[in-house]
Amino acid sequence: MVKQTYLHNEHVKLGAKMVDFAGWHMPVQYTSIIEEHKTVRENVGVFDVSHMGEVFVSGDDATAFLNKVVPQSIDKLPYEKAVYCQLTKPNGGLTDDLIIYKLGIESYLIICNASRVDEDVNWLSLNARDFDVKIDNQSHNYSLIAIQGPKAINLMQKMGYNIENQKSFTIKSVAIEGIKLLASRTGYTGEDGFELLIRNNDAEFLWNRILEKGQEFGIKPIGLGARDTLRLEAGLHLYGNDLNEDTTPIEAGLSWSVPKDKKEDYNGKDVIMSQIQYGTNKKLIGFEMLDRNIPRHEYEVYFNKEKVGEVTSGGVAPTSGKNIGMAYVKNIAEICPDSIIQVMIREKLHDAKVVKRPFVQKRNRV
Amino acid sequence: MSYKDEMYCTKSHEYVVKEDGKYVIGLTDYAIEQLGDIVFLELPAIGDEFEKGETFANIESVKAASEIYMPISGKIIEINEELPDAPEMLNQDCYEGGWLVKIESNAAESEFDDLMTYDDYKAELE
């Protein structure tokens, strides 16, 4: 059974093109992916991301438990702060990537990928045996609306949000348009913005209020198509493409999210620590094509006529007009920023230049 | 008379229309609408020959890459040269300004058997 979010009717009314994604019937675009992409870079866009999973973790051992399942130091996470991390396997591979929010003493919220909720909950439960912890999958009771773009803050203020200086990667309990909700200053676009966690029954009202009050800021509803081009430009990973059970955070270029000094043991720690010390066999690189050809998921990558890897995510970057991608390649020193690699597209090799991620300047640090 | 009155369409969304003894080939408005923002187009070279059903061009939208098939067999005698440099023009007009190639063809009558008028094609899509 394909699931529908509580905003499904709104998407249909807005004329969205709907597709099946991770078991959900979701809007892929309303008008044009490129137009929607630019709206988020220049003004503000609203996304229905209710398909994502919400799992609450609480109990006396909640902190110790989370410390065991992710590389990040959850014991150092302050109240109302969020942290990007990964659920690691014993081999260092990833069950999922997620954001953990500290809601209170021994009380946390995990927001995870729609396609991985069941695996995540299973994996968490399996690891919870020796801990006094409650794992409460509330995904079916919550909707999630993201407001993203340079004018997101103006729109939030117009709707009654009055918190001074809510920093990036924090979560606050606020009232907007008379609705109590959790506002997290996070997103998946590289822009400033908020993700609003609400009860399902409030979703339709809030969605329409956002569109109404956002009009003066040039708001548009944004589908999953632009969500993908926005995150790719921002150099953000997509689980299933750029991350999976056979990629470690170090291989994925996520070393910044792995503390080197964490005392506690966690799943995959020995593999991950050894990779930090001795290096990895493969690495994730960013690249841009030197001609009009578009790299896509699973296209082969060559260096000096030898196949060295595969594209994991690729497509057009509407901000620069370039065609960009990310790929896992053999970890050799010669493949570094500015070196030339080739991507096999329709049985021909096309030159691309290795570049640093993100592909656009991120503007979400506040 | 517009293209839509005279053209024949394939199930894979190409159209072919006879004009001055040549055949003009392109993609239907339905195909373009389904693809969304067009960002890449690769056309064949003049002189290339293709059988009916063979891939003669490649098109990509932001979302995906697709192949374009010959509605009838023939030899490429003209291509819409400006399009590969500005493929987004197809989102505005895929007919009079947005045709892809012109061919000369000695296709047998039977090659037209599975082609549909635009009205039948639209009806088939419903």
Side-chain angles (χ1 to χ4, degrees), chain A residues 15-21 26-40 220 222-233 238 241 288-299 311 313-325 343-348 350, chain B residues 12-14 25 27-45 47-51 53-70 76 79-94 97-98 100-101 122 125-126:
Chain A
K17 206 171 278 174
M18 305 295 287
V19 294
D20 289 347
F21 177 82
M26 298 297 288
V28 65
Q29 71 177 69
Y30 298 85
T31 52
S32 136
I33 292 176
I34 291 178
E35 197 179 295
E36 290 167 28
H37 180 108
K38 290 184 172 166
T39 297
V40 174
K220 284 197 170 79
I222 313 295
L224 292 182
R227 185 169 160 83
D228 192 48
T229 54
L230 286 159
R231 71 91 195 166
L232 179 59
E233 274 189 354
L238 172 63
N241 279 36
E288 57 185 46
M289 300 302 298
L290 297 179
D291 62 21
R292 291 191 69 100
N293 281 272
I294 301 168
R296 305 264 183 197
H297 182 58
E298 293 183 333
Y299 284 7
V311 175
S313 286
V316 299
T319 304
S320 63
K322 288 176 178 161
N323 297 325
I324 59 173
V343 182
M344 184 72 87
I345 302 176
R346 287 181 281 272
E347 293 166 13
K348 278 189 204 123
H350 295 269
Chain B
S12 49
H13 312 294
E14 294 86 7
I25 294 171
L27 278 176
T28 66
D29 53 332
Y30 176 82
I32 298 295
E33 161 75 21
Q34 287 304 304
L35 286 164
D37 300 298
I38 308 296
V39 289
F40 177 87
L41 178 70
E42 188 177 60
L43 294 176
D48 286 355
E49 290 184 53
F50 298 94
E51 295 297 318
E54 243 188 300
T55 300
F56 73 95
N58 288 288
I59 190 163
E60 297 195 40
S61 68
V62 175
K63 275 178 289 182
S66 318
E67 298 182 328
I68 310 176
Y69 309 108
M70 286 290 265
I76 309 292
I79 61 170
N80 194 341
E81 283 176 356
E82 287 167 20
L83 270 187
D85 287 328
E88 66 279 1
M89 277 164 52
L90 282 168
N91 290 110
Q92 313 305 321
D93 173 17
C94 57
L100 301 177
V101 298
K122 288 294 269 190
L125 293 171
E126 308 273 293

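Throughout, a chain's letter reflects where its sequence line sits, starting with A, and its residues are numbered from 1. These values consider heavy atoms only, across backbone and side chains, with no hydrogens, waters or symmetry-generated copies.
The distance from the CD atom of B:Glu42 to the NZ atom of A:Lys348 is 5.5 Å, given to the nearest 0.5 Å. In this structure, the separation between CG on A:Asn323 and CD on B:Glu60 is 8.0 Å, given to the nearest 0.5 Å.
By a heavy-atom distance cut of under 4.5 Å, A:Thr229 are the residues of residues 224-232 of chain A near chain B, going up by number.
Using a 4.5 Å cut-off between heavy atoms, B:Ala64 contacts chain A through its backbone alone, with no side-chain atom that close. Both the backbone and the side chain of A:Arg292 come within contact range of chain B, each with at least one heavy atom under 4.5 Å from a heavy atom of that chain. Contact of B:Asn91 with chain A is not made at all, since no heavy-atom distance falls under 4.5 Å.
Among residues at least two apart or in separate chains, salt bridge (charged side-chain N to carboxylate O under 4.0 Å, His left out) pairs with a member in residues 28-39 of chain B are B:Lys4-B:Asp29.
The shortest non-hydrogen separation linking B:Val62 to A:Arg296 is O-NH1, 3.1 Å.
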Distance-only donor-acceptor pairs under 3.5 Å for side chains of residues 79-86 of chain B, two or more places apart:
{"unit_1": "B:Asn80", "atom_1": "ND2", "unit_2": "B:Gly97", "atom_2": "O", "d": "3.0"}
{"unit_1": "B:Asn80", "atom_1": "ND2", "unit_2": "B:Trp99", "atom_2": "O", "d": "2.8"}

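Applying the side chain to side chain contact (heavy atoms under 4.5 Å, CB included) test to A:Glu288 and every residue at least two apart in sequence or in another chain returns A:Lys322, A:Ile324, A:Lys353, A:Val355.
Counting heavy-atom neighbours within 6.0 Å of B:Glu51 CD, excluding the residue itself, gives a total of 12 or less.
The candidate from A:Pro318, A:Gly321, A:Ser32 with the greatest count of non-hydrogen atom pairs under 4.5 Å with chain B is A:Ser32.
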